[in-house]
Amino acid sequence: MLIDGHGRTVNYLRISVTERCNFRCQYCMPEKPFSWVPNENLLSFEELFSFVKVAIDEGIDKVRITGGEPLLREDLDSFVAMIHNHKPDIDLALTTNGYLLAECAERLKNAGLKRINVSIDTLKPHIAYRIAQKDVLHKVLEGVDAAQEAGLKVKVNMVPLKHINEDEIVDVMDYAKARGMTIRYIEYMENVHAHGELKGLTGKEILDHIRKRYRFKKLGREGSSPAFYYMTDEGYKFGIIDPHKHDFCESCNRIRLTAEGHLIPCLYFDEAMSIREAVKAGKIDEASEILREVLRNKPEKNRWGEDQGEESNRAFYQTGG
Ligand code: SAM
Ligand code: SF4
């Protein structure tokens with residue numbers, strides 16, 4: 001079992017398999033041109049898996065693959081299969097923008113993927129264009145259909161932004177509800193890479209929009225999920241992820257691994273340690289020791305709004321959100 005320095009059990013590993021992305025979401029990517037980490041700096045799937053295997057053997061039972069856009073990494077299904085074949089009952093999930101999903105949903109499902117979260121911020125093509133800076137909506141929605149047809153369980157993530165998509169909070173919920181998918185609204189998290197003029201809605205403001213159309217009651221958190229759940233009178237469950245409160249930190253069970261091999265103990269914490277050299281040299285015991293050290297130093301709560309004002313230096317496209 002993996003226990004951190006504050007006595008919390010850590011059983012959830014999020015792996016960002018690439019920082020590259022085919023979208024340029026305003027809340028995630030910088031406006032000015034920038035260069036990606038060269039591909040040769042990325043750990044191969046075999047190298048990533050050599051670490052994931054140890055982490056699973058030591059107590060990780062939930063793995064999420066994310067990015068950047070994880071479906072840009074070729075043969076992702078082979079990585080999914082490695083993890084699934086090592087421990088078939090592992091809770092194996094993926095977060096994606098959905099653009100390439102229609103082409104690979106079935107392959108991913110056959111490889112052992114169980115669940116997918118798709119980011120859908122709008123149902124209007126021109127707003128999707130404005131947020132992602134590309135004409136994306138049609139392919140994203142096609143991807144969701146393909147994932148459901150393949151038998152994958154799908155959840156929707158939406159980041160509500162003032163004057164951009166706030167009028168669609170309930171419409172996106174209705175879209176998800178009609179397809180039997182849970183929606184989770186994520187409060188926009190200010191960060192130095194995002195476009196400066198953006199303003200997100202608070203959890204309370206999101207609930208105010210929903211209240212105009214639905215009556216609902218509070219349910220609470222489920223296990224160590226960062227989402228706080230609610231249920232409408234007709235029995236539809238939705239969640240809000242509100243990182244501006246620190247109240248989910250006490251049950252935080254997660255750790256993050258980037259494509260280059262950085263182990264990050266907390267999304268809002270700039271320190272990280274690298275397992276890269278250890279993994280490349282096949283020194284798995286060393287990588288395992290680094291994992292334990294990162295866990296010993298995992299902060300008690302996120303530093304949001306403490307020493308960085310309201311902005312984080314972490315790039316969501318590097319850490320996977
Ligand atoms: N590209 C994939 C996607 O968009 O789903 C996976 C990576 S993305 C970084 C993971 C999640 O982080 C997405 O649901 C996205 O909406 C969310 N995200 C990115 N930047 C954010 C921000 N500044 N505030 C809140 N959520 C953010
Ligand atoms: Fe890409 Fe996801 Fe970031 Fe949008 S949120 S730019 S899809 S990594």
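All heavy atoms count here, side chains included; hydrogens, waters and symmetry mates do not. Just so you know, ligand 1 is whichever comes first in the structure, and atom 1 is the first atom listed for that ligand.
- Close contacts between ligand 1 and Asn157 involve ligand atoms 14 (O) [criterion: under 4.0 Å to a heavy atom].
- Here the protein heavy atom with the shortest distance to atom 24 (N) of ligand 1 is Met189 N, 2.9 Å.
- A cation-pi contact links Lys62 to Tyr12, judged by a cut-off of 6.0 Å to the six-membered ring centre and 45° from its axis.
- Electrostatic pairing of Arg107 and Asp75 does not count as a salt bridge here, judged by no charged N lying under 4.0 Å from a carboxylate O.
- Distance check, rounded to the nearest 0.5 Å: CD1 of Ile131 to CZ of Arg24 gives 15.5 Å.
- Metal site remark for atom 3 (Fe) of ligand 2: Cys25 contributes no N, O or S atom at a distance under 2.8 Å.
- Between Arg276 and Glu260 there is no salt bridge, since no side-chain nitrogen of the basic residue lies less than 4.0 Å from a carboxylate oxygen of the acidic one.
- For the ligand labelled ligand 2, residue Ser119 lies outside the 4.0 Å heavy-atom shell.
- Regarding atom 9 (C) of ligand 1, its nearest protein heavy-atom neighbour is Phe316 O, 3.4 Å.
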Practice item. Let me see the working for Lys237 and Glu222 under salt bridge (charged side-chain N to carboxylate O under 4.0 Å, His left out), right down to the final yes or no. Key: CA-CA 12 Å; Lys237 198 169 82 175; Glu222 289 177 356; 2.6 Å; yes
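- Remark: minimum distance from atom 10 (C) of ligand 1 to any protein heavy atom is reached at Gly320 O, 3.6 Å.
- Remark: ligand 2 atoms within the under-4.0 Å shell around heavy atoms of Met29 are 6 (S).
- The existence of a salt bridge linking Glu103 and Lys139 is confirmed by a sub-4.0 Å separation between a basic side-chain nitrogen and an acidic carboxylate oxygen.
- Here is the list of ligand 1 atoms found below 4.0 Å of a heavy atom in Asn97: 2 (C), 3 (C), 5 (O).
- Using a 4.0 Å cut-off between charged side-chain N and carboxylate O, Asp57 and Lys53 make no salt bridge.
- The shell of residues lying under 4.0 angstrom from ligand 1, judged by heavy atoms, excludes Ser16.
- At a 3.5 angstrom cut-off on N or O pairs, Ser119 counts as close to ligand 1.
- Ile206 approaches Pro160 most closely through the heavy-atom pair CD1-CG, 3.7 Å.
- To the nearest 0.5 Å, atoms CZ (Phe238) and CE (Met173) are separated by 4.5 Å.
- At a heavy-atom distance under 4.0 Å, only backbone atoms of Glu187 (N, CA, C or O) approach ligand 1.
- Annotation: Tyr236 is not in aromatic contact with Tyr214 [ring centroid separation under 6.0 Å not met].
- Among all protein heavy atoms, the one lying closest to atom 12 (O) of ligand 1 is Gly321 CA, 4.2 Å.
- Here CG of Asn97 is found 12.5 Å from CG of Asn117. Values are rounded to the nearest 0.5 Å.
- With ligand atoms numbered from 1 in the order given, ligand 1 contributes 14 (O), 25 (C), 26 (N) to contacts under 4.0 Å with heavy atoms of Ile186.
- The neighbour count for Glu197 CD, taken as heavy atoms of other residues, nucleotides or ligands under 6.0 Å away, is above 12.
- By the 4.0 Å heavy-atom criterion, Ala194 is excluded from the residues contacting ligand 1.
- When only non-hydrogen protein atoms are considered, atom 1 (Fe) of ligand 2 lies nearest to Cys21 SG, 2.2 Å.
- Applying the 4.0 Å criterion to heavy atoms of Val159 picks out, from ligand 1, the atoms 16 (O), 26 (N).
- The N/O atoms of Cys21, backbone and side chain alike, include none that comes under 3.5 Å of an N/O atom in ligand 1.
- For ligand 1, the polar-atom distance check against Gly68 finds a nitrogen or oxygen pair separated by under 3.5 Å.
- Counting heavy atoms under 4.0 Å from ligand 1, residue Thr96 touches it through the backbone alone.
- Each of Val154, Asn157, Thr95, Leu141 was checked for a side-chain contact (heavy atoms from CB on, under 4.5 Å) with Val118, and the lone residue meeting it is Val154.
- Ranking the protein heavy atoms by distance from atom 3 (Fe) of ligand 2 puts Cys28 SG, 2.4 Å first.
- Below 4.0 Å from some heavy atom of Asn191 lie the following atoms of ligand 1, by number and element: 23 (N).
- Residues Lys124 and Tyr129 are not in side-chain contact: their nearest non-hydrogen atoms beyond the backbone lie 4.5 Å or more apart.
- Contacts of Thr66 with ligand 1, taken as heavy-atom pairs under 4.0 Å, involve the side chain alone.
- When the options Tyr188, Tyr185, Tyr27 are ranked by their closest heavy atom to atom 20 (N) of ligand 1, first place goes to Tyr27.
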